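The figures here come from the full heavy-atom set of this structure, side chains too, leaving out hydrogens, waters and symmetry mates. So you know, we letter chains A, B, ... as the sequences are listed, proteins then strands, and number each from 1. Values in this document were obtained by computation on a predicted structure and should not be read as measured data.
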Amino acid sequence: MSHLKRYITTPIYYVNDRPHIGHVYTTTICDVWARFQRLAGHDVFFLTGTDEHGQKVEQSAEARGVTPQALADENSAEFRRIMGMFDLTNDEFIRTTDPRHEQQVQSLVKRLMDSGDVYLGTFEGWYDPGQEEYYTETKAREVEFKSPISGKPLERATEENYYFKLSAYQDRLEKMFKDHPGIVRPDARRNEVLGRLREGLLDVPISRTNFAWGIGVPGAPEHVIYVWIDALFNYITALGLADSDSEWYSDRSEYWPAGMQVIGKEILWFHAVIWPALLMALGLPLPECIYAHSFWISEGQKMSKSLGNFIDLEQLQDYMETYGSDALRYFLATQGPLGATDSDFSRSQFHETYTTDLVNTLGNCASRTSAMIGKYCEGACPEDTGECAGGGVEWSDFTAAQVEASIAAMEKFDLSGSIAAAMSIVRQVDAFINDTAPFKLAKDPDSAPMVGNILYRCAEAIRIATCLLEATLPDRVQQLRTAWHLGEASGDLRGECVWGRLEPGTTIEKVALFPRVETS
RNA sequence: GGCGAUGUAGCUCAGCCUGGUUAGAGCGAGGGAUUCAUAAACCCUAGGUCACAGGUUCAAAUCCUGUCAUCGCCA
C-alpha cells in the first residue's frame, strides 16, 4: 500500500461573486476525490479559499461604503461557510489577504524580477478616462475612438507596467503539451489551448496602477499586482513554498506538485498556460493535471443574472433537506459537467437519478439482502461454504475487476466512471438474487446452507461496492457500516475490498438507506 | 471575422479515429410475470430520414466537400 502525498486544489473563489452551484460543484467533486484518496491511504492535502483583491472588489466596497477588507472578510466568510454546510473536507482555506500569502507573493514576484522574467515595460494604447480602461486597437476602432459610455474621445495614453515574459516560454510550453498531454484535461480543453498557443504568445502585464486594492510590486508600491497572478500563486503559498528561508515555509511544501488542480473552463488560459510558465520561471515542478470542467445550466437554460435562474445555496439546501446531502453529492458527481459540454441541473433529472440509482438500485439491494439475512439467517451474516447453484458469477474476480476499474477511473478524475464501476457490483447482486432466487430456496429447509452461501455473497459484494462509494456517499455508507457492524474504513481501500473480508456471524440489520421521495 | 467542437430513439449519451450482419445503452413510456425488497428487481415492447445536401466506395452514422443549427475559445 502506498502513502503518496496527493495535493488537490479548487480555484480560489472571487469574493465579489455570490456563492452558487458552480462553487459548490467544484468543491464537491474535489471533495469526492480527496476522500477517495484518503480512503485509499494517501496523504491528502485539499485546498480551497478565496481570491480577494482587485478593482472589482474595491469598487463594490466603495459602492457599499465599506473598506475592501471588510467586504472581503464578509464574503470570504460566506464561502467558508459553504464548506461546513456541504460537509466539504478541505484541509486548508487560504485567503489572498492572508499575510502569509501577500508576503510570499511579493517574494515570488521579486524572484521573477531578479531572474528577468518580470520586467518594467511601457504600454501604449487607447484609454477611456471615464471608464479607466484601455481598449485594444480593434476594439477602439470599433467604437470609433470614442467612449461607448460617455461618448468622449479616447486618449492616446501610455502606462508603465510590469510584464511577465510569457513569450519566452512558447517552446517550453509546446514541449510540455507534447510530453505530457494529460496535463490539461479533458482533451477538448487541451485542444483549445493548443490552438491558441499556435497563434503565439505575447508578454502579459502583471501589474496596474489605477487602483490600490492588491499586493504591491516589490520596490514599486504604486504598482499593484494583477489579481490573477496574485490568485494563481495561492496554490503554492498555501504550502509555504515561496521561499525556504521564510517563516511560512514548512514540510507542507512536500505536497507540491499538485496531483489535481480543478478549475472551471473560464479560467483555462491562466491555468493551462500562464501558470505552468510561471512555475517554469520559478524552477518549480508542474502539476500533474489541470482539469477544467464545464458549467451547469439550469432547467435547460444558461444561468444568468437577468434570468435570475441561478441555482443558489438556498435551492441546494432545499435539495439536501429533501433528498439528503449524499444525494446531492451523487448527482453532482455522476451528472456533472466534467466533459467538454455543459450539464443541465433540473429537478426532474435530480429526482430521476436519485430514485433510479440510489433508491431502486443501491438502497433496495441493500434492503432486500439484509431483509433476507434477517428472515433466513436470524440476522447473522451466514457463512459461504462454497456450494451455490446458479448465478454463474465469479464474485472474487468480478469484484476485484470492478475495484480496479473504480480506482483507475478516480485516478483520471472520472468520477462517474468510478461510481459506475461500484454500482455495477450492486446491479450484479440484483441479477444474482434473481437468478438464484434464495427466497424460493428458503422454503425448503434442506437448502438452508445454499441460501446462506448466496446471501453471504450478496452482502459481501454490497460491502465492497459501498467501500468504493464511500467518498461519494459518506453519510449513508456510514449508516450501512453501523447497521451491518462493519467498523470504520481502514485507510486501505484495496485491502478492504478483497473478497471474503466480511466475517460470518456479523449482525446484519435491515437497512433503508435511501427513502423514496414522492414528487409533489 | 479567425480557430475549434457538437448535431444519433421522448431525455442523456455510446458508436465515428482503425468504413461492412436487422444502428446500441441507461432513463422515461406501454405490456407481462413475480414477491426477498423502499409498488422495488426481472422479462418483452419502443420501429430513430444517424442535422441537411452532395461526393468517394462493392459498401458510410462511420472517410471527403458544402450548407444549416447550437456551443466554446479568440479578436
Without decimals, in angstroms, what is the distance between [X] [atom1] and [N] [atom2]?
| X | N | atom1 | atom2 | result |
| --- | --- | --- | --- | --- |
| F295(A) | C73(B) | CZ | C1' | 11 Å |
| D344(A) | C11(B) | CG | C1' | 10 Å |
| Q335(A) | U12(B) | CD | P | 12 Å |
| K265(A) | C74(B) | NZ | C1' | 15 Å |
| E266(A) | C74(B) | CD | C1' | 16 Å |
| I297(A) | U6(B) | CD1 | C1' | 14 Å |
| W269(A) | C73(B) | CH2 | C1' | 10 Å |

Taking the same atom, [atom1], in [N] and in [M], what whole-Å distance lies between them?
| N | M | atom1 | result |
| --- | --- | --- | --- |
| C58(B) | G1(B) | P | 39 Å |
| C50(B) | U62(B) | P | 9 Å |
| A25(B) | U67(B) | C1' | 32 Å |
| A69(B) | G31(B) | P | 42 Å |
| C13(B) | A75(B) | C1' | 34 Å |
| G28(B) | G66(B) | C1' | 38 Å |
| G26(B) | U21(B) | C1' | 25 Å |

Verify the neighbour count for atom CZ of R172(A): are there more than 12 heavy atoms of other residues, nucleotides or ligands below 6.0 Å? yes
Should the pair Y169(A) and F164(A) be assigned to parallel (<30°), tilted (30 to 60°) or perpendicular (>60°) ring geometry? parallel
Report the relative orientation of the aromatic rings in F398(A) and W395(A); use parallel for angles under 30°, tilted for 30 to 60°, perpendicular for over 60°. perpendicular
Any R35(A) side-chain heavy atom under 4.5 Å of E470(A) side chain: no
Compile the donor-acceptor pairs under 3.5 Å between side chains in residues 178-186 of chain A and protein atoms, sequence neighbours left out, one pair per line.
from	atom 1	to	atom 2	distance (Å)
D179(A)	OD2	K175(A)	NZ	2.6
R185(A)	NH1	K412(A)	O	3.4
R185(A)	NH2	K412(A)	O	2.3

So, for [X] and [Y], is the gap between ring centers shorter than 6.0 Å?
| X | Y | answer |
| --- | --- | --- |
| F331(A) | W296(A) | yes |
| Y319(A) | F350(A) | yes |
| Y235(A) | H271(A) | yes |
| Y354(A) | Y330(A) | no |

What does E199(A) touch in the nucleic acid at a heavy-atom separation under 4.0 angstrom: a base, only the sugar-phosphate, or nothing? sugar-phosphate
Consecutive Watson-Crick or G-U pairs in runs of at least 3, all under 3.5 Å, in which RNA chain B is involved: B:1-7 with B:68-74, B:10-13 with B:24-27, B:29-32 with B:42-45, B:51-55 with B:63-67
Looking at residues at least two apart in the chain, or sitting in another chain, which of them share a side chain to side chain contact (heavy atoms under 4.5 Å, CB included) with E460(A)? Y456(A), R463(A), I464(A), W499(A), R501(A), L502(A)
Minimal non-hydrogen separation, P515(A) against V359(A), with atom names: O-CG2, 3.9 Å
Taking RNA chain B as the partner, which of residues 181-196 of chain A come within under 4.0 angstrom of it by heavy atom? R189(A), E192(A), R196(A)
Sugar-phosphate means primed atoms, P, OP1 and OP2; the rest is base. With that split, encode nucleotides 30-42 of chain B 5' to 3' as B, S or - using protein heavy atoms under 4.0 Å. ------BBB-SBS
Would you mind writing out the side-chain donor-acceptor pairs for residues 366-373 of chain A within the sub-3.5 Å range, not counting sequence neighbours?
from	atom 1	to	atom 2	distance (Å)
R368(A)	NH1	D430(A)	OD1	2.6
R368(A)	NH2	N434(A)	OD1	3.2
T369(A)	OG1	C365(A)	O	2.9
S370(A)	OG	A366(A)	O	2.6
S370(A)	OG	S367(A)	O	3.2
S370(A)	OG	V511(A)	N	3.3

